[in-house]
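Take a look at the structure set out below.
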There are 2 protein chains.
Amino acid sequence: MSEFEPLIKHIRKRVDMTDDELAELTSYFNVKKIKKKQFIIQPDFVAKHRNYVVEGAFRAYVIDGKGEEHTIQFAIEDWWISDYNSFIHQQPATMFVVALDNSIVLQLTYEQEQKLKAAGHKYETFFRIMAERSAAYQQRRIISNLTQSAEERYTDFLEKYPLVAQRVPQYALASYLGMTTEFLSKIRNNKVRRKS
Amino acid sequence: MSEFEPLIKHIRKRVDMTDDELAELTSYFNVKKIKKKQFIIQPDFVAKHRNYVVEGAFRAYVIDGKGEEHTIQFAIEDWWISDYNSFIHQQPATMFVVALDNSIVLQLTYEQEQKLKAAGHKYETFFRIMAERSAAYQQRRIISNLTQSAEERYTDFLEKYPLVAQRVPQYALASYLGMTTEFLSKIRNNKVRRKS
DNA sequence: TTTTAACGATGAACCAGGTTAGGAAAAACG
DNA sequence: CGTTTTTCCTAACCTGGTTCATCGTTAAAA
């Protein structure tokens, strides 16, 4: 079984494509092995690829003026990751994207993606759906950050993404949820003062 | 000059279309006048349209468990607004979208949008670009919420969207920026304690 | 196997921003 | 118009979450 099987299933769930179309689509991607702690995107370099995770786990984060890390996105099997803003506008990245484990990704370069989208309406549709889902996902996160307490954000994350929560270090999860590691530790150990 | 002129310019900036294509595209939209304080989207009803603002101003917000409003998005001239998640999945909305002034919008129903996307590759491309921009915009907002203080978020907003800041009530802006009106008032009057 | 570094837990002092409560002024409306 | 409602401001007090410093534990490297 090829490394492309998971991607093929992934796409089939979203758009209706023939075997030929899928074969053409996957031919635009390259398989790449990434070792744990290796960076696939760094600030000031343009994000060259969109990455589909076949195996492993990644974290995208920014560093603010005080030197603090803030996690923007995690990606495990069957997820995509990149510095999206850098990739779609082909401008220097602001994020780091690092492997949390030894991983295998399928990479699509910006140029290949342009060709693919031009090659057929259905391919364009697929990327439109990806972008729409990404926008909807991020809107849910904005709402969660605006409306929920630190504890609620944590318990919600556990419910929605139990697999991710298990695999990423706690400081990374804390920085994703917008709190300090110390506070997350207190929540996890029920040391947060509750009303009543 | 028709109400469609602004939309035509808007689209021309993003994709290359012939006059015929633009004429076909705009034929899928309907002009609608909305009075101040009128709701165009409400929770539990499916968001039927994507709305392009020709004239006026809108606010999209959610109400949390404590009854507090949180502004998700503003839209003035040349912006789009809807409950995006409700619209693309055609599921009940969670947001209110209300007119802040007497307004004119161009509405595209979900069904018309599906037909339009099916009618040509270029139309699909346009919606793909819209979704990508929306995703990139929202990611910037997430980063801003994670990395900046309340005061920084406010001054940044003023710089980036001076026209919006002028036109929306302060409580709406505060709830967009993730702070209370009272605190925003302190910031505006330089009553926030500063270090040194 | 030992050493070192990374990770997580804990507690006390502290602060950014929230709450509560009031009142003034500007819009909206009949 | 005058009246009602909405919006904005001020100020004292409060709290969820941070900061800083310390220590045990686990995992990687040598």
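Residue numbering restarts at 1 for every chain, and letters A, B, ... go by the order of the sequence lines.
- Position along DNA chain C of the nearest nucleotide to A150(B) versus A172(A) favours A172(A) as the more 5'-ward residue.
- A straight line from OH of Y154(A) to C1' of dG8(C) spans 12 Å, rounded to a whole angstrom.
- Counting only heavy atoms from C-beta on, P169(B) has its side chain closest to dT7(D) among dT7(D), dG17(D), dA9(C).
- Candidate nucleotides dG17(D), dG17(C), dC9(D) were compared by shortest atom distance to the side chain of S185(B), and dC9(D) ranks first.
- Following rounding to the nearest Å, K36(B) (NZ) and dT5(D) (P) show an atom-to-atom distance of 17 Å.
- Note on T181(A): nothing from the nucleic acid sits closer than 4.0 angstrom, heavy atoms only.
- For M179(B), the listed nucleotide lying nearest its side chain is dG18(C); candidates were dA9(C), dG18(C), dG11(C).
- For Y52(B) and F29(B), the ring centers sit 6.0 Å or farther from each other.
- When rounded to the nearest whole Å, the span between CZ of R167(A) and P of dC7(C) equals 16 Å.
- Rounded to whole Å, the distance from CD on E182(B) to C1' on dA12(D) is 13 Å.
- Listed for the Q90(B) side chain is a donor-acceptor partner under 3.5 Å among the backbone atoms of F87(B).
- E152(A) places its CD atom 9 Å from the P atom of dG17(D), with the value rounded to the nearest Å.
- Salt bridge E111(B)/K115(B): absent, no basic N to carboxylate O contact under 4.0 Å.
- No hydrogens or angles were tested; on distance alone, a donor-acceptor pair under 3.5 Å links the side chain of K186(B) to the base of dG18(C).
- Checking the phosphate oxygens (OP1, OP2) of dT18(D), a side-chain nitrogen or oxygen of T180(A) falls inside 4.0 Å.
- Atom CG of D101(A) and atom C1' of dA27(D) are 13 Å apart (whole Å).
- No salt bridge links E151(B) with R188(B); every basic N to acidic carboxylate O contact stays at or beyond 4.0 Å.
- Ion pair K9(A)/D78(A) not flagged as a salt bridge, since none of the NZ, NE, NH1 or NH2 atoms sits closer than 4.0 Å to an Asp/Glu carboxylate oxygen.
- Note: CG (D64(B)) to P (dG18(C)) measures 13 Å, nearest angstrom.
- Checking dG11(C), dA28(C), dG18(C) against every side-chain atom of K37(B), the shortest atom distance belongs to dA28(C).
- Contact annotation: Q170(B) does not reach the phosphate of dT6(D) (side-chain N/O to OP1 or OP2, under 4.0 Å).
- Separating the CZ atom of F183(A) from the P atom of dC15(C) is a distance of 18 Å, rounded to the nearest angstrom.
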